[in-house]
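Take a look at the structure set out below.
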Amino acid sequence: QVVFALNQTLLQQESLRAGSFQIPYTTEDLIKHYNCGDLSSIIFNHETSQVPNFINATLPAQERIIAQEIDSYFRQELIYKRNERMGRRVKDLLEEYPDKSFFFAFGAGHFMGNNTLIDVLRKEGYEVEHTPAGQAI
């Protein structure tokens with residue numbers, strides 16, 4: 001799986017350098033979608049995901065199975081478990097210092113798809129609100 005993942009990553013990078021593959025969103029797209037509160041619509045899909053995409057229709061059946069296993073592993077480890085760990089850290093700080101105020105800032109990856117950092121905190125009973133750019137806190 002590691003060799004397969006490395007080969008696919010190198011092929012994608014070579015395509016990017018050759019100009020036959022382009023990143024499907026710009027920084028401006030990210031800012032606009034963040035402000036609208038819907039990063040998922042641009043980022044968390046197979047065409048635009050931060051998680052490396054190894055699945056494509058041109059792969060032989062056996063390699064497609066490997067690609068799906070790797071995709072599932074990355075999503076679990078790099079997104080879901082990371083958000084669980086970060087959510088626990090936030091919860092622990094809030095509980096350890098109940099009389100203090102906190103301001104938390106997180107990268108966009110914590111707010112995409114299912115099992116976001118916000119989902120984790122809401123499951124713990126916290127109320128979380130999106131604050132658009134320009135809105136007073």
Side-chain angles (χ1 to χ4, degrees):
Q1 286 182 343
V2 172
V3 171
F4 175 84
L6 288 172
N7 282 335
Q8 291 300 310
T9 301
L10 289 172
L11 287 171
Q12 287 177 6
Q13 290 301 311
E14 288 170 357
S15 296
L16 190 62
R17 283 193 198 128
S20 59
F21 174 76
Q22 292 183 339
I23 296 172
Y25 57 86
T26 66
T27 302
E28 289 77 22
D29 292 328
L30 292 175
I31 293 168
K32 180 182 118 196
H33 284 274
Y34 172 80
N35 288 338
C36 294
D38 70 345
L39 281 171
S40 298
S41 66
I42 189 171
I43 299 173
F44 201 76
N45 65 56
H46 283 295
E47 286 77 43
T48 61
S49 179
Q50 286 184 331
V51 175
N53 181 21
F54 301 118
I55 302 171
N56 73 57
T58 64
L59 292 173
Q62 187 60 35
E63 287 186 3
R64 204 166 328 148
I65 291 169
I66 293 170
Q68 289 169 337
E69 289 171 354
I70 293 170
D71 180 76
S72 176
Y73 173 81
F74 276 140
R75 288 181 186 283
Q76 187 66 34
E77 295 298 321
L78 297 181
I79 296 173
Y80 304 144
K81 286 185 179 179
R82 180 181 70 156
N83 285 338
E84 289 287 337
R85 284 190 303 271
M86 189 65 69
R88 269 195 315 273
R89 290 177 186 152
V90 168
K91 178 182 175 280
D92 291 346
L93 278 170
L94 293 172
E95 289 176 356
E96 187 174 347
Y97 303 101
D99 297 330
K100 295 211 180 253
S101 294
F102 290 90
F103 174 84
F104 297 102
F106 303 98
H110 290 284
F111 303 103
M112 298 183 294
N114 299 317
N115 304 317
T116 67
L117 179 58
I118 291 171
D119 295 332
V120 170
L121 291 170
R122 285 182 176 152
K123 278 191 273 183
E124 293 292 334
Y126 290 95
E127 184 177 324
V128 182
E129 295 179 23
H130 172 76
T131 304
Q135 179 178 328
I137 298 176

Which heavy atom in Thr116 sits nearest to a heavy atom in His110, and how many Å separate them? CB-O, 3.4 Å
Tell me, with the steps shown, if Tyr126 and Val90 meet side-chain contact (heavy atoms from CB on, under 4.5 Å). CA-CA 11 Å; Tyr126 290 95; Val90 168; over 6 Å; no
When rounded to the nearest 0.5 Å, the distance separating NZ of Lys123 from NZ of Lys91 is 13.0 Å
Under a single-linkage definition using a 4.5 Å side-chain heavy-atom cutoff for Ile, Leu, Val, Met, Phe, Trp and Tyr, are Ile70 and Leu10 assigned to the same hydrophobic cluster? no
Using side-chain heavy atoms (C-beta onward) and a distance below 4.5 Å, is Glu124 in contact with Arg88? no
Do Phe106 and Ile118 come close enough that some side-chain heavy atom pair is under 4.5 Å? no
hydrophobic_cluster_shared for Leu121 and Tyr97, side chain cutoff 4.5 Å: yes
When hydrophobic residues are tied together by side-chain contacts of less than 4.5 Å, even through go-betweens, does Val120 share a cluster with Leu94? no
Please tell me if the side chains of Leu93 and Phe104 come closer than 4.5 Å, counting only heavy atoms from C-beta onward. yes
Which atom of Asp119 lies closest to which atom of Asn115, heavy atoms considered: OD2-N, 3.1 Å
Do Ile65 and Tyr73 sit in the same hydrophobic cluster, where Ile, Leu, Val, Met, Phe, Trp and Tyr count as joined when their side-chain heavy atoms come under 4.5 Å apart? no
State whether the number of non-hydrogen atoms from other residues, nucleotides or ligands found under 6.0 Å of Gln135 atom CD is greater than 12. yes
